[in-house]
Amino acid sequence: MGENASFWESLIYAHPTCTSWKQEAEGSIYHLASIFFVVGFMGGSGFFGLLYVFSLLGLGFLCSSVWAWLDVCAADIFSWNFVLFAICFVQFVYVTYQVRSVAFDREFQELYSALFQPLGISLTVYRKIVLCCDAEVVTLEKEHCYAMQGKTPIDKLSLLVSGRIRVTVDGEFLHYIFPLQFLDSPEWDSLRPTEEGIFQVTLTAETDCRYVAWRRKKLYLLFAKHRFISRLFSILIGSDIAEKLYALNDRVHVGQGFRYDIRLPNFYHVALPETPPVLPPPRSHRLQRGSPRRPPAAPANCGSFLAPS
């Protein structure tokens, strides 16, 4: 204990205390370096945030090196500041190279700007997603089928980039799929990673289409390595399925002009007071595993038939 105490005492009290302070201020270069340090530490995250931080810190250390060489004339102060300047410069060059290397084709860049960038997804994460689909955009010609009912296996997840897809079941039109929507999100969500299945609907291109496709097994491997990407796709797929359900809901009407709403199953008690109480609609309209994307059936006593809007 005595040796430790003497060590700390020598460390603290070995140097003489300042009896008098300098009256004149340091040169402008020193203050400029301090300003660079203050502004530099206000940088954000991401690639451009790193470029901001390393550039301003590098300028600050460079000014400190000049100040140590010209004003202080201290080799050790100059050496340390110059080494730190060199480190910041190397980091700046490395981050700049990474930013330039994360470049995508026009369609992938537009997809990032429209779908992933608003969610705060960085370019590095998006690059992993793009590499998982081999950075390839597939073309589907007009009137060609992406999937056929009862025949096509569910072995991938696809996102429409351009064009329009028509979804039918047994020849009956269900809804359209527009750009930035998944082609097969209900099918993807209906199967566990170890299960297999086939499409219960037919997806036909109404125009020339372009889409991005991720192979099922390869995408699950990506999810296992990066949980953040797994949660991201879970949110995107859930939102896409909700949009498809509402698209089906918009097509469903009951007799006398009332619209059936999947959110308000008891709406008919208010809309049709003269009818007897109606039980909530059956849960079969939900997208069950392996079931087609049919619109929910309206209660029998609320209308004689369903008519598309």
Side-chain angles (χ1 to χ4, degrees), residues 100-169 173-191 197-223 226 229-230 232-248 250 287 292-293:
R100 292 181 60 87
S101 65
V102 182
F104 308 101
D105 294 337
R106 179 182 58 84
E107 289 172 310
F108 281 108
Q109 187 62 45
E110 292 177 353
L111 179 62
Y112 175 75
S113 300
L115 185 61
F116 292 94
Q117 189 176 20
L119 298 177
I121 306 303
S122 65
L123 287 174
T124 53
V125 174
Y126 182 64
R127 184 185 183 185
K128 294 181 177 67
I129 297 174
V130 172
L131 291 177
C132 186
C133 67
D134 299 326
E136 181 181 1
V137 181
V138 184
T139 300
L140 183 65
E141 297 181 358
K142 183 179 180 180
E143 297 303 327
H144 282 60
C145 291
Y146 170 82
M148 298 187 66
Q149 180 179 352
K151 296 182 179 180
T152 306
I154 305 171
D155 58 355
K156 58 186 176 183
L157 177 68
S158 301
L159 181 67
L160 188 62
V161 177
S162 63
R164 185 173 67 180
I165 300 289
R166 182 177 65 252
V167 182
T168 58
V169 56
F173 171 76
L174 293 183
H175 61 85
Y176 287 114
I177 298 176
F178 298 99
L180 303 183
Q181 291 184 339
F182 288 98
L183 275 68
D184 38 18
S185 54
E187 289 76 14
W188 173 276
D189 192 63
S190 67
L191 297 177
I198 57 175
F199 278 85
Q200 300 299 314
V201 294
T202 298
L203 280 72
T204 308
E206 280 217 337
T207 62
D208 290 338
C209 299
R210 300 268 290 172
Y211 66 91
V212 178
W214 293 272
R215 288 294 172 183
R216 187 179 183 87
K217 293 182 179 179
K218 196 171 182 179
L219 191 56
Y220 273 123
L221 289 176
L222 181 67
F223 291 168
H226 305 281
I229 298 179
S230 176
L232 170 65
F233 269 80
S234 178
I235 294 172
L236 292 175
I237 292 172
S239 175
D240 188 80
I241 293 175
E243 290 180 2
K244 289 179 171 60
L245 281 174
Y246 280 112
L248 295 177
D250 287 339
L287 292 175
R293 315 185 214 193

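Just the heavy atoms: all of them, side chains too, but no hydrogens, waters or symmetry mates, feed the values below. The shown structure was predicted, so the numbers you read here are calculated from the model rather than taken from an experiment.
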Return the [atom1] to [atom2] distance between [X] and [Y], rounded to the nearest 0.5 Å.
{"X": "L140", "Y": "T207", "atom1": "CG", "atom2": "OG1", "answer": "9.0 Å"}
{"X": "Q117", "Y": "L111", "atom1": "CD", "atom2": "CG", "answer": "11.5 Å"}
{"X": "R166", "Y": "T204", "atom1": "CZ", "atom2": "OG1", "answer": "5.0 Å"}
{"X": "Y112", "Y": "L119", "atom1": "OH", "atom2": "CG", "answer": "10.0 Å"}
{"X": "Q200", "Y": "Q149", "atom1": "CD", "atom2": "CD", "answer": "6.5 Å"}
{"X": "L159", "Y": "F182", "atom1": "CG", "atom2": "CZ", "answer": "5.0 Å"}

Looking at every heavy atom in both [X] and [Y], which two are closest together, and how far apart are they?
{"X": "A205", "Y": "E141", "value": "CB-O, 3.4 Å"}
{"X": "R216", "Y": "L191", "value": "NH2-CB, 3.3 Å"}
{"X": "C209", "Y": "I165", "value": "SG-CD1, 3.7 Å"}
{"X": "K156", "Y": "D184", "value": "O-OD2, 3.1 Å"}
{"X": "L222", "Y": "K128", "value": "CD2-O, 4.1 Å"}
{"X": "R215", "Y": "D155", "value": "NH1-OD2, 3.2 Å"}

Practice problem: Go through the steps to decide whether D105 and V137 satisfy the test side-chain contact (heavy atoms from CB on, under 4.5 Å), and finish with yes or no. | Solution: CA-CA 10 Å; D105 294 337; V137 181; over 6 Å; no
Self-check item: W188 and its ring pair (Phe, Tyr, Trp, His ring centres under 6.0 Å) partner, picked from F199, W214, Y220
Solution: Y220
Quiz item: Just wondering, are more than 12 heavy atoms of other shown residues or ligands nearer than 6.0 Å to NZ in K218?
Solution: yes
Self-check item: Whether Y126 and F116 hold their rings parallel, tilted or perpendicular, with breakpoints at 30° and 60°
Solution: tilted
Quiz item: Centroid-to-centroid, F223 to F233, below 6.0 Å?
Solution: yes
